[in-house]
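Here the structure is laid out as structure tokens; the discussion comes afterwards.
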Number of protein chains: 2
Amino acid sequence: MEQPAAANKPLYLRMKEDLLRRVQSGEWRPGELIPSENALAAEYGVSVGTARKAIEELADERLLVRQRGRGTTVAMHTHRQEVLRHYRLMTKDGERVNEETSYLDVASARASSTEAKVFGVNRGTAVTRVRRLRLYAKQPVVLEFLSLREDVLPGVGALIRATQPEVLYALLEREYHIIIAKVSEKIMAVKAEAEDTEALGVRAGEPMLEIERVAYDLNGRAVERRIMRARNDTYYLSEFA
Amino acid sequence: MEQPAAANKPLYLRMKEDLLRRVQSGEWRPGELIPSENALAAEYGVSVGTARKAIEELADERLLVRQRGRGTTVAMHTHRQEVLRHYRLMTKDGERVNEETSYLDVASARASSTEAKVFGVNRGTAVTRVRRLRLYAKQPVVLEFLSLREDVLPGVGALIRATQPEVLYALLEREYHIIIAKVSEKIMAVKAEAEDTEALGVRAGEPMLEIERVAYDLNGRAVERRIMRARNDTYYLSEFA
DNA sequence: GAGTGGTCTAGACCACAAT
DNA sequence: TTGTGGTCTAGACCACTCC
């Protein structure tokens, strides 16, 4: 008959959303064990099978990691396979360009109109801009321009300067409890410009890959934007079913 | 019941593999209903929950499609979302380049060493080569070079010439019962050559996207290789979690 | 040995499609 | 009305981790 209100959604979905909320809220942090199936089933007043279904869906989405005998933890972005899944630029030999990072500069700035549009904020909002190089076999291969929202990540510039992280998203998790849940990349072919010549040693006018990435947190909020310009002896690998 | 030996794998996995085999064998064809959960559970001598788990995994992998009240069917590649999932080239406006196809030529040839390597066959094995254009707003945007194994797809050249299909993988399903299960793409930046100038009207030397795709069937066998050269007012879209 | 997740069973009721 | 898949329950036993 008529439902008062609540959600007419299945129990396991409502439970899943609440578990997600608890991860978002920082109640359970990446790497930490969450309560067992039995404990959660009791807490939510559902059967173990239902609790399991909620947990399993989050595990399928790689937000949780289940280990028999040990328990269920919140996934960490530092886990090797996570890093690899996000970094899809390969050298001609089929190796991931993921070896070494060299920071060029970190600066505060006001959001350009593009940045404002991507982040959904007003033009002029504070952002942190970072330039860095990815190296492979000691050679610079990718020139990266990062742009981070300071309203969401206050003081991130200083942190980056101080720690020069290899894996930025691990820093966001550790310091801001922000988990990158989705990434969108546009890959284009462009001509090398003076800056590329300087940083990567490519000839001006040569074709290069340009990748524009936007990274979203669990709430679907755009947190970081990144332009990557790669030497054309690399390729971008995309595999899907 | 006690299994004599067989695999020590869980029941639902063995059942899943057998269901997969039955799809591969052509016993159930794309678009057809397969037996219900209850029928399959009875047939395999397992509980409904176990049968459900086997079926659900195949549905998660998009090989099966479940519809409440109706039944479970083998997925068809012609389903709109399937086509879109495979075609990731977008115009600057964010529209998929997927509107119209114009075939230039279809010919038989002997596998080059690259083709032989990709397909895992001897050099000189028969292949069918196809050149075609993808149009958007009546303008040619992508020049494609397809190469198909004739040992796996006998007579495919004549079929393509006769039907000029918009969706090649739907033709492979219909005529050869071959389901494309995995696709791997390498995206590179290259210079436009004479052939691109002719077909797409781009200036020689301009940067273009070149995409090399290999398509695999359910057995993991490489069936098709494709080079796509796209005008640089397009981009390749990649989204992942 | 205690506790975890992984597999498996055998039911129940429901929402939905087809007829 | 019949049969389908979707949700949910309440158990059982097992493989594994940790102490």
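In the text below, chain A, chain B and the rest are named by the order of the sequence lines, each starting its count at 1. Worth knowing before you read on, the calculation uses all heavy atoms, side chains too, and leaves out hydrogens, waters and symmetry mates.
OP1 or OP2 of C/dT7 lies within a sub-4.0 Å distance of a side-chain N or O belonging to B/K53. Between B/T72 and D/dG5, a side-chain N or O to OP1/OP2 separation shorter than 4.0 Å is present. Contact annotation: B/S47 side-chain N/O to C/dG11 OP1/OP2 distance is not under 4.0 Å.
Proximity note for B/P10 (side chain, C-beta onward) versus C/dC8, C/dG6, C/dT4: the nearest is C/dC8. The listed nucleotides are D/dT17, D/dG6, C/dT9; the one nearest the side chain of B/R52 is D/dG6. Closest to the side chain of B/L11, from the set D/dA10, D/dG5, C/dC8, is C/dC8. Distance from the side chain of B/S36 is smallest for D/dG5 among the nucleotides D/dG5, D/dT9, C/dG5. Here the side chain of B/E37 is nearest to one of D/dG5, D/dT9, C/dA17, namely D/dG5. Comparing C/dG6, D/dC8, C/dA15 against the side chain of A/R68 picks out C/dG6 as the nearest. Between C/dT7, D/dC18, D/dG5, one nucleotide has an atom nearer to the side chain of B/Y12 than all others, and that is C/dT7.
Each of A/V48 and B/G71 was matched to the nucleotide of DNA chain D holding its nearest heavy atom; the match closer to the 5' end belongs to B/G71. Sequence order on DNA chain D of the closest nucleotides to A/A51 and A/G69 puts A/A51 first from the 5' end.
Residue B/N8 contributes atom CG, which lies 8 Å from atom P of D/dA15 at whole-angstrom precision. Rounded to whole Å, atom P of C/dG3 lies 18 Å from atom CD1 of A/I34. In this entry the distance linking CD1 of B/I55 with P of D/dG6 reads 9 Å, nearest Å. Between B/L64 atom CG and D/dT4 atom P there is a gap of 16 Å when expressed in whole angstrom units. If you take CG of B/N38 and C1' of D/dT4, they are 9 Å apart, rounded to a whole angstrom. Put simply, CE on A/M15 is 15 Å from C1' on D/dT7, counting in whole angstrom units. In this entry the distance linking CG of B/L58 with C1' of D/dG5 reads 16 Å, nearest Å. For A/Q67 and D/dA15, the CD to C1' distance is 14 Å, given to the nearest whole Å.
The shortest non-hydrogen separation linking B/R22 to B/Y44 is NH1-OH, 3.0 Å.
Of the possible donor and acceptor atoms, none in the side chain of A/R134 sits under 3.5 Å from a partner among the backbone N and O of A/V97. A donor-acceptor pair under 3.5 Å is formed between the side chain of A/R96 and the backbone N or O of A/Y87.
Residues A/Y136 and A/T234 have side chains that never bring a donor and an acceptor to within less than 3.5 angstrom of each other.
Looking at heavy atoms from C-beta onward, B/S147 lies in side-chain contact with B/F119 at the 4.5 angstrom threshold.
Helix bend of the helix from C/dG1-D/dC18 to C/dA18-D/dT1: the angle between its two end axes, each built from five pairs, comes to 10° after rounding to 10°.
Within the model, atoms CG of A/L64 and CD of A/E56 stand 11.0 Å from one another, a figure rounded to the nearest 0.5 Å. Atoms OG1 and CG, on A/T72 and A/L58 in that order, are 10.0 Å from each other to the nearest 0.5 Å.
Salt bridge status for B/E185 with A/R88: absent, with no side-chain N to carboxylate O gap under 4.0 Å.
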